[in-house]
Amino acid sequence: MRFMNPASIPVTRTNQSRLAEIDFNRLEFGKNISDHMLLCAWRNGKWHMPEIVPYGPISFTPAMLALHYGQAVFEGMKAFRMKEGSINLFRPYKHAERFNQSLKRMAMPVLDEDFFVNCLHALVDVDRAWVPREEGSSLYIRPVAFATEERLGLKVSEEYLFAILTGPVGPYFNKPIRVKVEDHYVRAAEGGTGYAKCAGNYGGAFYPTQLAREAGYDQVLWTDAREHKFIDESGAMNVMFVINGKLITPQLTTAILDGVTRDSILTLAREEGISVEERKISVEELAEAFKHGTITEAFGVGTAAVVAPIAVVSVHGRDYTLPPLQTGSVQERLKSKLHAIRLGYEPDRHGWNYIIK
Ligand code: COI
């Protein structure tokens, strides 16, 4: 399958498009799934020919290994409608690389990067009418792979399904969020699966996040597993702070997801001449920065969330409020720059845009 081109993937088109039912002015994140999906099976030691078929349920046995032992990984990506109408699949090779990192960590077979990108290209092209034109909207793309072998014994699966789903989305958060620094539960420990985008990382975060929600927060700000002393990430996104005018973000470890938006924002910040620090940032440093008024911004960065302003950070039960966002803030400047590159208003100097004409 290595050098297959997008046009060689067989397509069965739906004769009942659901596109007309979608209200593109009121897109709820993750609610609408486009007309088609791509499916590709791993059997007998190789990936087989993918196919694009109408989106819908598929039947599986409850004995499939993914359900019991958690071999399931995914990606979150986006495609944008550019100013002149072309479709821009954003940084697909960076996502391919991370998908493979996740697959490797879960002892699953990797995909050739060109093959992965060709699959995305073909599917997005078939459902190109689903890529929104509305300001702030995009097509969310969800590649996923999971173990399908029918077996109850504890073992590495010998069969997998790789699937891609897409759906039009609007903003992930509709207002600045409140986050709670977690000092009891753990998302990931060094040496664990935190850097991989595996399903269990998210499932394991639900309960502590529910507790945080009940206490009035939107998300948990995860800290290191050993001491709860250093900030890791926020589960649905990486986090960044502006302290004394410097853009500071936790350095990557095996417990933190290597966010594609994180990387894009840091690259743009450096180009803009903003002083960037990727390093450990302690909860204490954060609390001190609030006490001394040296922290001016806190925000999340992720594919789904894009750049999500944080309004309140709770540290050991005390709420610290960020000052209101000023026009020309670091996060606004970087978000607009990223947006302009994706939509073709500014040159793509890093080869991030993969254009589907
Ligand atoms: C993404 O940003 O794409 C994510 O995967 C985060 C979340 C929606 C699961």
Side-chain angles (χ1 to χ4, degrees), residues 27-34 70 72-80 88-103 105-106 116 120 123-124 131-132 136-146 162-174 177 179 187-188 193-210 212-213 217-222 232-240 249-250 252 255-266 299-310 331 334-335 338-339 342 352 354:
L27 293 171
E28 193 182 311
F29 191 93
K31 185 175 165 214
N32 303 298
I33 300 181
S34 316
V73 307
F74 68 95
E75 264 307 307
M77 315 179 46
K78 277 182 175 168
F80 300 86
N88 174 16
L89 188 55
F90 192 68
R91 303 195 72 179
Y93 281 94
K94 179 90 179 144
H95 285 280
E97 190 188 314
R98 192 174 64 180
F99 195 52
N100 279 341
Q101 293 287 338
S102 305
L103 289 166
R105 180 63 182 82
M106 299 306 288
F116 178 82
L120 291 162
L123 181 66
V124 171
V131 183
S137 302
S138 56
L139 187 78
Y140 188 70
I141 306 171
R142 172 54 63 83
V144 59
F146 49 95
F162 163 51
I164 310 177
L165 311 173
T166 73
V169 296
Y172 193 72
F173 296 111
N174 51 19
I177 59 166
V179 297
R187 171 185 174 274
T193 58
Y195 70 94
K197 216 160 163 62
C198 61
N201 289 348
Y202 295 82
F206 283 157
Y207 179 62
T209 305
Q210 257 174 3
R213 292 233 164 96
Y217 302 96
D218 302 290
Q219 294 259 309
V220 168
L221 198 48
W222 296 105
D232 272 356
E233 61 161 269
S234 186
M237 52 200 190
N238 297 106
V239 282
M240 298 190 175
T249 194
L252 294 176
I256 298 181
L257 190 79
D258 181 1
V260 177
T261 310
R262 176 188 182 279
D263 181 76
S264 308
I265 289 290
L266 292 180
F299 52 100
V301 289
T303 298
V306 193
V307 172
I310 294 174
Q331 61 186 286
L334 296 173
K335 183 181 173 182
L338 181 63
H339 187 67
R342 286 163 157 177
W352 288 342
Y354 176 102

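Only heavy atoms go into these numbers, but all of them, side chains included; no hydrogens, no water, no symmetry mates. Every number for a ligand or one of its atoms is a count from 1 in the order of the listing.
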Identify all N/O pairs between ligand 1 and the protein with a separation under 3.5 Å and present them as a table of atom names and distances.
unit_1   : atom_1 : unit_2 : atom_2 : d
ligand 1 : 2 (O)  : T303   : N      : 3.4
ligand 1 : 2 (O)  : A304   : N      : 2.8
ligand 1 : 3 (O)  : Y140   : OH     : 2.5
ligand 1 : 5 (O)  : Y140   : OH     : 3.4
ligand 1 : 5 (O)  : K197   : NZ     : 2.7

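- In this pair, F29 and Y172 present their aromatic rings perpendicular. The plane angle is above 60°, beyond the 30 to 60° band.
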Exercise. Going through the checks in order, is the salt bridge (Lys or Arg N to Asp or Glu O under 4.0 Å) test met by E233 and R262?
Worked result: CA-CA 11 Å; E233 61 161 269; R262 176 188 182 279; over 6 Å; no
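- Put simply, the side chain of L257 reaches to within 4.5 Å of the side chain of R98, judged on heavy atoms.
- The two residues L139 and S34 come nearest to each other via the heavy atoms CD1-OG, 3.9 Å.
- Put simply, CD1 on I141 and OG1 on T303 are 10.0 Å apart, with the number rounded to the nearest 0.5 Å.
- Of the inter-residue distances, the one linking F299 atom CZ with I265 atom CD1 reads 6.5 Å to the nearest 0.5 angstrom.
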